[in-house]
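Heavy atoms only: backbone and side chains are in, while hydrogens, waters and symmetry mates are out. Indexing begins at 1, ligand by ligand and atom by atom, following the structure's order. All residue numbers in this chain count up from 1 along the given sequence.
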Amino acid sequence: MIAVPVLGEDGTRSPAAEALAVSAFALDVAVDAPRHADIAGPLTYRSSVAWPPGTLVRVPLGKRAVTGIVWSRREEASPTPGDLRPVAEAIEAVPPLPIHWQTLVDFAARYYQRQVGELALSVLPPELRRLGAKQVAHRRARAERLAATTPTAAGPSDQPTPTPEQSAALAAIESARPGETLLLHGVTGSGKTEVYLRAAASALARGRQVLVLVPEINLTPQLEARFAARFPDRRIVSLHSALTPAQRLRHWLQAHLGFADLVLGTRLAVFAPLDRLGLVIVDEEHDPSYKQQEGARYSARDLAVYRGRLEGAVVVLGSATPSLETWQRTREQRYRRLEMTSRIGAGAWPAVRIADMNRVSREPRTSGLAPPLLDALRARLARGEQSLLFLNRRGYAPVLNCLDCGWKSACPHCSAWQVFHKADRTLRCHHCGSSARVPRACPECGNLDIAAVGRGTERLEEQLGALLVHADGRAARIARIDADSTRAKGALEASIGAVHAGEVDVLVGTQMIAKGHDFRRITLVAAVNPDAALFSSDFRAPERLFALLMQAAGRAGRDARHAAVSEMWIQTWHPGHPLYAALSRHDYAGFAEAQLQERASAGLPPWSHLAMVRADARTADAARDFLVAATEASGPYRDAAAVTVYPPVPLPIARVADVERMQMLVESRSRTALQTFLAAWTPGLHALRRTAGSRILRWAIDVDPLAI
Ligand code: ADP
Ligand code: ZN
Ligand code: ZN
């Protein structure tokens, strides 16, 4: 074997490479090979050119041609076996992906127990998997042409003078070490976005790129507009799954080619290749949307922290209600904590009022609203102020019930009820999507009197319409925003516009209305039935509820003129619950301490580390058998002291679309022990799955699962 300097320092082919073009190199190429899921690493191909690591290539896989990425460099031109299949072409229009990008993908694949090629390809723009070299070259030319036009001519927007709290936070971010992570813990309305903007400005001024992650696609346009207004001479690109495939490729290319100064996007943007990354901002870092829920179940927030360290970028995690994992890291001094406790221009925080349902006599209870809450709503109506009520359940009623024979509207395909939707008189399953006409009479006994049990947003809307009337006799104007009312394109924008324009008195909706929107005239926010989360089998449910209620409370009194009358109402059967008490004090820190203590005594995260193995099958037995066999296979690797594998249990909703779902928890006090165990154990599960054959539909592993 002869060592040959194949490529120059700048990655271009050297004359030596040209001379060697006739001989063959063996290249390790990462490909997405789902059918060979137990192939952990890249596959080897033959090439006449030693393409450097990070180069995109087209290679044959089975009968198809697929896109792959040259993963590792082989220094020597080794005599290559003749049976290696050749690389078809290199996509030279895309410069090799940087080594730190490969390191990030390698880490994520290892940590989340996925095949590196699968993960690598899944985080590239889908177009790159489809197009050949020539087509990509065209796209690149177009991306470059568009990047060459100057963004906008307008001068930068007005910049508010930072408050002392903002200045202190900024000073801390400025003085952070490269790779350091900071938590910006700021209440809603404390001006976190202004801190992001100024921190971004200084990173840009140093010639570095900025990556801003937001939890939801519909929050990107708002934030993009604010960044665009502040940085009119900078190129900002967005990356999220709602872009057209062509846009997504163009934006990605602009990032990778170095044209983009700021990249703004959802979780997938954490993989944007950026060579000069100086600052990563993760807004609403506690939001569950940062965790991918299928395929490689990565946490973009956690990868952002890893990436910051890898590339020497400062990472700012922002939240009013940080995840307990992040909070614990600040207690351990692993992340620096920056506090912003006062709301800008909004005056007082809304007073929290508890409507105790135990004290409501039977009669008004059927209307579903406690009299004091109803009075408060009527007072708003009389003063021309707006109210917002949320209820985390869409439809009219969660179940229909025959009071004679006990029949209920069960979904034929799921262990769940079909929900009654009055608007189109259907029964719909929210898990599998099946739907049926509402029966005229009980399908079992013919009784005509079927009751709608419980309440969803449709029914709340109807009830409020009957209860709230203006002084002159006009009915209150009620708008509903949920997944049903906003299905049509533009419907959400129209409803939100109507609220802003003051054409709505009361806004009813699911939790989607509690997030993000800056409604100025709302002086009352009410959570109509938040109790379920207090007793959920998911230990994170209280944490999520607290975050939601804090965020919802922040919706009220955004306008200082109304702050004094702003109220947040909790309608509950458990008025003394510590969670509501902490909410009343606006006491995140107190809530977090109490939760952390509970979790410590139960040995739950962040005090332990979890992975969840799931199996789906046509029968519960088949799913369980697979998990039991998996547990048996873990014997040789499981150091009893370090890792516990719990028995399989059905998911809270065991059957969905005729698929039975089981899961089992793997737990360890040590992240390293858990990782070592998973790395040794999971490769064998692919083989086990093949043995199970068609009895198992699929299995998956979720490291650091969010939903239990
Ligand atoms: P958060 O993201 O923390 O909820 P925002 O960044 O949305 O808060 O800020 C709340 C409001 O205060 C926004 O309307 C913003 O423009 C305004 N604001 C932020 N910083 C200042 C400041 N230093 N002076 C005046 N207004 C500010
Ligand atoms: Zn019946
Ligand atoms: Zn169903």
Side-chain angles (χ1 to χ4, degrees), residues 157-170 184-200 212 214-215 219 222-223 225-227 229-230 281-285 287 316-322 338-347 349 398-419 426-436 439-451 515-520 547 550-560 563 653-661:
S157 57
D158 293 344
Q159 302 185 18
T161 314
T163 64
E165 282 185 340
Q166 286 172 327
S167 300
L170 278 163
L184 180 59
H185 178 221
V187 298
T188 312
S190 59
K192 292 188 287 297
T193 312
E194 182 62 30
V195 173
Y196 302 155
L197 287 163
R198 286 182 178 262
V212 184
V214 290
L219 298 178
Q222 265 178 41
L223 203 65
R226 281 183 80 172
F227 275 85
R230 181 64 60 92
I281 291 161
V282 185
D283 192 22
E284 308 286 2
E285 68 87 30
D287 198 292
V316 176
L317 309 178
S319 177
T321 49
L338 316 173
E339 296 276 0
M340 299 207 299
T341 55
S342 38
R343 299 178 91 193
I344 291 169
W349 187 267
V399 61
L400 287 187
N401 183 197
C402 169
L403 300 177
D404 262 10
C405 76
W407 171 86
K408 282 182 173 166
S409 55
C411 174
H413 309 290
C414 307
S415 42
W417 308 121
Q418 284 186 324
V419 175
T426 55
L427 289 172
R428 268 188 259 155
C429 174
H430 292 180
H431 301 282
C432 72
S434 74
S435 78
R440 285 180 193 289
C442 171
E444 296 285 327
C445 73
N447 172 22
L448 288 173
D449 201 17
I450 318 180
K515 289 187 182 181
H517 308 291
D518 192 0
F519 297 123
R520 293 263 144 191
M550 286 283 277
Q551 196 155 25
R555 300 293 114 218
R558 302 274 295 188
D559 192 327
I653 293 174
R655 189 167 53 104
V656 167
D658 299 313
V659 173
E660 298 285 348
R661 313 179 309 161

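Among Ile344, Thr163, Thr161, the residue whose heavy atom lies nearest to atom 19 (C) of ligand 1 is Ile344. Residue nearest to atom 7 (O) of ligand 1, selected from Arg226, Lys192, Glu284: Arg226 (by heavy-atom distance). Between atom 10 (C) of ligand 1 and the options Gly189, Pro162, Pro164, Ser167, the minimum heavy-atom separation is to Gly189.
Side-chain N/O atoms of Glu165 and Ser342 include a donor and acceptor closer than 3.5 Å. Ser434 and Gln418 form a side-chain donor-acceptor contact under 3.5 Å, judged by distance and modelled atom types alone.
Backbone and side-chain nitrogen or oxygen atoms of Thr188 are examined, and none is located within less than 3.5 angstrom of a nitrogen or oxygen of ligand 1.
No side-chain donor-acceptor contact under 3.5 Å links Ser319 to the backbone of Glu285. Looking at Arg661, its side chain does come within 3.5 Å of a backbone N or O of Ile653 through a donor-acceptor pair. Within the 3.5 Å criterion, the main-chain N or O of Gly554 finds a donor-acceptor partner in the side chain of Arg343. Side-chain N or O atoms of His185 include none that pairs as donor or acceptor with a backbone N or O of Gly318 at under 3.5 Å.
Among residues two or more places apart in sequence or in another chain, the side-chain contact (heavy atoms from CB on, under 4.5 Å) test is passed with Ile450 by Leu400, Trp407, Pro439.
The distance from ligand 1 to the heavy atoms of Gln166 drops below 4.0 Å at these ligand atoms: 19 (C), 20 (N), 21 (C), 22 (C), 23 (N). For ligand 1 and Val187, the ligand atoms under 4.0 Å from any heavy atom of the residue are 3 (O).
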Exercise. Where do Gln222 and Val214 land on the side chain to side chain contact (heavy atoms under 4.5 Å, CB included) test, with the steps shown first?
Worked result: CA-CA 11 Å; Gln222 265 178 41; Val214 290; over 6 Å; no
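Take the Zn ion (ligand 3) and draw a sphere of radius 2.8 Å; the protein N/O/S atoms inside it number 4.
Separating the NE2 atom in His430 from the OG atom in Ser435 is a distance of 10.5 Å, to the nearest 0.5 Å.
Taking distances strictly below 2.8 Å, the protein N/O/S atoms close to the Zn ion (ligand 2) are Cys402 SG, Cys405 SG, Cys442 SG, Cys445 SG.
Contacts classified as salt bridge (charged side-chain N to carboxylate O under 4.0 Å, His left out) and involving residues 441-451 (residues at least two apart or in different chains) are not found.
For the pair Gln551/Glu284, a side-chain contact is recorded, criterion being any heavy-atom separation below 4.5 Å from C-beta on. You'll find the side chain of His431 stays beyond 4.5 Å of the side chain of Arg655, heavy atoms only.
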